[in-house]
**Q** 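So that we are looking at the same thing, I have put the structure below in structure tokens.
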There are 2 protein chains.
Amino acid sequence: MQSYTEENYLKIIYHLSVISNPVQTNAIAERIQTKAASVTDMLKKLADKALVDYTKYQGVNLTQKGKLAAINIVRRHRLWEVFLVEKLNFKWDEVHDVAEELEHIKSNLLVERLNEFLDFPKVDPHGDPIPDKDGNFESLGFVKINQLKDNESGTIMGVSEHSTAFLKHLEKLGLILGKTIKLIEISAFDSSAELLVDQQYINISKELAKHILIKKLV
Amino acid sequence: MQSYTEENYLKIIYHLSVISNPVQTNAIAERIQTKAASVTDMLKKLADKALVDYTKYQGVNLTQKGKLAAINIVRRHRLWEVFLVEKLNFKWDEVHDVAEELEHIKSNLLVERLNEFLDFPKVDPHGDPIPDKDGNFESLGFVKINQLKDNESGTIMGVSEHSTAFLKHLEKLGLILGKTIKLIEISAFDSSAELLVDQQYINISKELAKHILIKKLV
DNA sequence: TTTATAATTTAGACAAATCTAAAAATTAAA
DNA sequence: TTTAATTTTTAGATTTGTCTAAATTATAAA
């Protein structure tokens with residue numbers, strides 16, 4: 001069993017390994033709001049427990065065991081987010097900090113009952129997939145807006161960036177979950193994207209576009 | 001704001017002060033599964049924070065501030081117990097450990113939304129009253145079985161002992177929440193109580209009787 | 001390829017909460 | 001009321017997770 005802190009490290013390493021492999025000490029330090037020296041200490045400890053493969057100065061990768069533990073935390077986090085939004089009427093940008101605490105409650109019974117109570121949701125309020133008990137994700141086949149071809153349409157299914165600033169900005173633009181959009185064209189000049197949303201043409205930056213997940217209309 | 005551990009101490013001291021005033025070091029140590037020396041250390045710390053009045057060798061009492069903090073934890077604990085039983089179908093003897101963790105989640109919004117979601121419950125699954133946001137209990141006016149007079153009837157509204165063994169035993173006897181019972185008589189010999197439950201006469205020990213809360217029939 | 005810069009690690013210290021063993025205070029018993 | 005038993009406290013050590021400052025390794029630039 002891992003401590004609260006160890007769980008947080010595993011989760012962060014898991015998220016960061018999507019972007020880079022292996023994961024660097026400084027990247028973890030920044031995300032976990034701590035100093036690089038502290039990260040080094042923890043990495044040694046996690047390596048001792050066979051949760052990560054760690055080579056000095058080279059960064060870390062999760063072992064199979066570590067990955068499973070991490071996915072389990074992600075599962076709990078996302079289930080709690082669904083609960084907060086659907087049952088307690090939290091807004092999607094209010095859930096993160098509370099879910100961050102709830103994810104560490106240790107009780108398999110609790111998680112399974114919660115899953116049942118929520119009717120086995122497949123995605124969280126941000127559109128991120130919820131892994132099952134064994135750590136498997138259902139393949140969702142989403143693409144980012146900047147990967148759409150001109151004139152292709154689709155539905156907003158999620159985001160790949162979770163900062164409050166980003167989410168609030170999206171909401172202001174009317175780019176909320178479930179909304180159907182059409183990509184008119186990507187600018188050759190600055191790669192910004194012109195969209196048709198609610199019969200209105202809007203222009204969003206590439207930075208925004210690449211974090212919005214779309215399910216293409218067939 | 002208090003740490004997880006400080007919150008636990010406050011809660012235990014609160015529960016123990018119902019029985020004895022002031023609360024002794026050893027009593028706390030036993031309940032919190034730790035050594036008396038550790039308790040002494042923590043009491044000094046809580047005294048520094050003005051959460052308890054502590055005099056060496058004399059035990060502690062909660063200050064007004066400490067009491068309010070403690071009641072708040074009790075409030076969260078009992079709300080979560082209602083959630084676990086009513087929404088997630090936990091049995092009343094399964095809830096305690098999980099609620100013990102959930103009670104420490106720090107978010108006023110969460111607690112208030114949960115309260116609303118549960119439709120403002122007044123008691124938890126054991127019949128214990130749930131204090132409101134300001135720490136006030138609704139007066140419930142319950143008595144213990146051994147305080148009933150011969151031939152008085154009433155409804156089981158709660159228990160004042162929460163061990164799994166005790167709760168399972170009650171369930172076996174059919175003495176569940178909401179059940180109506182009639183006290184036939186208290187034995188002059190061993191103070192055991194003869195009850196009429198479901199048209200059946202049963203005999204329970206004084207130890208059992210004094211932990212069952214009854215709302216008298218008018 | 002040497003130098004400079006950036007990233008990472010080590011060494012030693014610290015705070016929170018705990019422990020053991022010994023000392024001190026309180027309470028109960030003779 | 002002196003002694004014995006119990007309770008509580010102190011002193012010093014330990015564990016977990018963190019920190020600063022200095023040393024080391026890796027990477028980029030000249």
Side-chain angles (χ1 to χ4, degrees), chain A residues 1-14 16-17 19-62 66 69-70 73 100-101 103-106, chain B residues 1-14 16-17 19-62 66 69-70 73 100-101 103-106:
Chain A
M1 198 85 302
Q2 291 86 44
S3 74
Y4 189 104
T5 312
E6 287 167 355
E7 285 197 346
N8 272 333
Y9 273 90
L10 290 175
K11 186 185 57 172
I12 298 291
I13 295 168
Y14 175 77
L16 289 172
S17 18
I19 301 160
S20 90
N21 230 257
V23 177
Q24 272 130 310
T25 305
N26 262 353
I28 299 171
E30 198 186 328
R31 275 285 283 271
I32 232 161
Q33 292 282 72
T34 187
K35 295 296 150 70
S38 311
V39 174
T40 301
D41 288 343
M42 182 55 83
L43 294 185
K44 283 189 207 159
K45 195 175 163 193
L46 293 175
D48 282 347
K49 293 190 171 189
L51 293 162
V52 299
D53 288 323
Y54 168 58
T55 330
K56 264 194 195 183
Y57 296 100
Q58 302 301 147
V60 270
N61 282 297
L62 292 172
I73 301 156
E100 206 79 343
E101 289 193 56
E103 71 189 9
H104 298 289
I105 307 284
K106 282 178 211 351
Chain B
M1 199 83 302
Q2 291 87 44
S3 74
Y4 190 104
T5 313
E6 287 166 358
E7 284 196 346
N8 272 333
Y9 273 90
L10 290 175
K11 187 186 55 172
I12 298 292
I13 295 169
Y14 174 77
L16 288 173
S17 20
I19 301 160
S20 90
N21 228 256
V23 177
Q24 272 129 309
T25 304
N26 263 354
I28 299 171
E30 198 185 328
R31 275 285 283 270
I32 232 161
Q33 293 282 70
T34 187
K35 295 295 149 72
S38 312
V39 175
T40 302
D41 289 342
M42 181 55 85
L43 294 184
K44 284 189 206 158
K45 195 175 161 192
L46 293 175
D48 283 346
K49 293 190 171 189
L51 293 161
V52 298
D53 289 323
Y54 168 58
T55 330
K56 264 194 197 184
Y57 295 99
Q58 302 303 147
V60 271
N61 282 297
L62 292 173
I73 300 156
E100 205 78 343
E101 289 194 55
E103 72 190 9
H104 298 290
I105 307 283
K106 282 176 209 356

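Computed from a prediction, not measured in an experiment: that's the story for all the values here. By convention in this document, chain letters (A, B, ...) are assigned in the order of the sequence lines, proteins followed by strands, and residues within each chain are numbered from 1. Only heavy atoms go into these numbers, but all of them, side chains included; no hydrogens, no water, no symmetry mates.
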**Q** Could you state the CG-C1' distance from Leu43(A) to dA7(C), rounded to the nearest angstrom?
**A** 13 Å
**Q** Answer with base, sugar-phosphate or nothing: what part of the nucleic acid does Thr25(B) contact at a heavy-atom distance below 4.0 Å?
**A** sugar-phosphate
**Q** Looking at side-chain heavy atoms only, is the closest gap between Leu46(B) and Ile13(B) below 4.5 Å?
**A** yes
**Q** Asn8(A) CG to dT16(D) C1': how many Å, rounded?
**A**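 Roughly 15 Å, once rounded to whole Å.
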**Q** Please determine whether a side-chain nitrogen or oxygen atom of Tyr9(B) lies at a distance below 4.0 Å from atom OP1 or OP2 of dT18(C).
**A** yes
**Q** Please report the interatomic distance CG(Asn61(A)) to CG(Leu16(A)), rounded to the nearest 0.5 Å.
**A**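 Interatomic distance, Asn61(A) CG to Leu16(A) CG, rounded to 0.5 Å: 11.5 Å.
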**Q** Please state how far atom CD in Gln2(A) lies from atom C1' in dT16(D), giving the value in whole angstrom units.
**A**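 Those two atoms, CD and C1', are 15 Å apart.
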**Q** With heavy atoms under 4.0 Å as the rule, sort Tyr4(B) into base, sugar-phosphate or nothing.
**A**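 It contacts nothing in the nucleic acid.
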**Q** Quick check on DNA chain D: between Gly59(B) and Lys35(A), whose nearest nucleotide comes earlier from the 5' end?
**A** Gly59(B)
**Q** Working to the nearest 0.5 Å, report the span between CD of Glu7(B) and CD of Glu103(B).
**A**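 One finds 7.5 Å between CD of Glu7(B) and CD of Glu103(B).
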**Q** Hey, could you give me the CD/CD1 distance between Glu100(B) and Ile73(B), rounded to the nearest 0.5 Å?
**A** 10.5 Å
**Q** May I ask you to evaluate whether Asn26(B) reaches the phosphate of dT8(D), defined as a side-chain N or O under 4.0 Å from OP1 or OP2?
**A** yes
**Q** For Asp41(A) and dT8(C), what is the distance between atoms CG and P respectively, to the nearest whole Å?
**A** 14 Å
**Q** Looking at Ser38(B), does any N or O in its side chain come under 4.0 Å of the phosphate oxygens OP1/OP2 on dC19(C)?
**A** yes
**Q** Between Glu7(A) (CD) and dT16(D) (C1'), how many Å, whole number?
**A** 15 Å
**Q** Polar atoms only, N or O, under 3.5 Å: list the protein pairs with nucleotides 22-28 of chain D and their distances.
**A**
| unit_1 | atom_1 | unit_2 | atom_2 | d |
| --- | --- | --- | --- | --- |
| dT24(D) | O2 | Tyr57(A) | OH | 3.3 |

**Q** To the nearest Å, give me how far apart NZ (Lys44(A)) and C1' (dT10(C)) are.
**A**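 Taking atom C1' of dT10(C) as the reference, NZ of Lys44(A) is at 7 Å.
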**Q** Are the side chains of Glu101(B) and Tyr4(B) in touch, meaning some heavy atoms are under 4.5 Å apart?
**A** yes
**Q** Please give, in whole Å, the distance from dT9(C) C1' to Met42(A) CE?
**A** 16 Å
**Q** What integer distance in Å separates Gln24(B):CD from dT27(C):C1'?
**A**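 Rounded to the whole Å, the gap is 11 Å.
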**Q** Got a second to check how far Leu43(A)'s CG is from Asp48(A)'s CG, nearest 0.5 Å?
**A**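 One gets 11.0 Å once the value is rounded to the nearest 0.5 Å.
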**Q** Between atom CG of Asn8(B) and atom NZ of Lys11(B), what is the distance when rounded to the nearest 0.5 Å?
**A** 4.5 Å
**Q** Between dC19(C) and Thr34(B), is there an OP1 or OP2 to side-chain N/O distance shorter than 4.0 Å?
**A** yes
**Q** Looking for any heavy atom pair under 4.0 Å, which part of the strands does Thr5(B) touch: base, sugar-phosphate only, or nothing?
**A**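 If one applies the 4.0 Å heavy-atom cut-off, Thr5(B) turns out to touch the sugar-phosphate alone, with no base involved.
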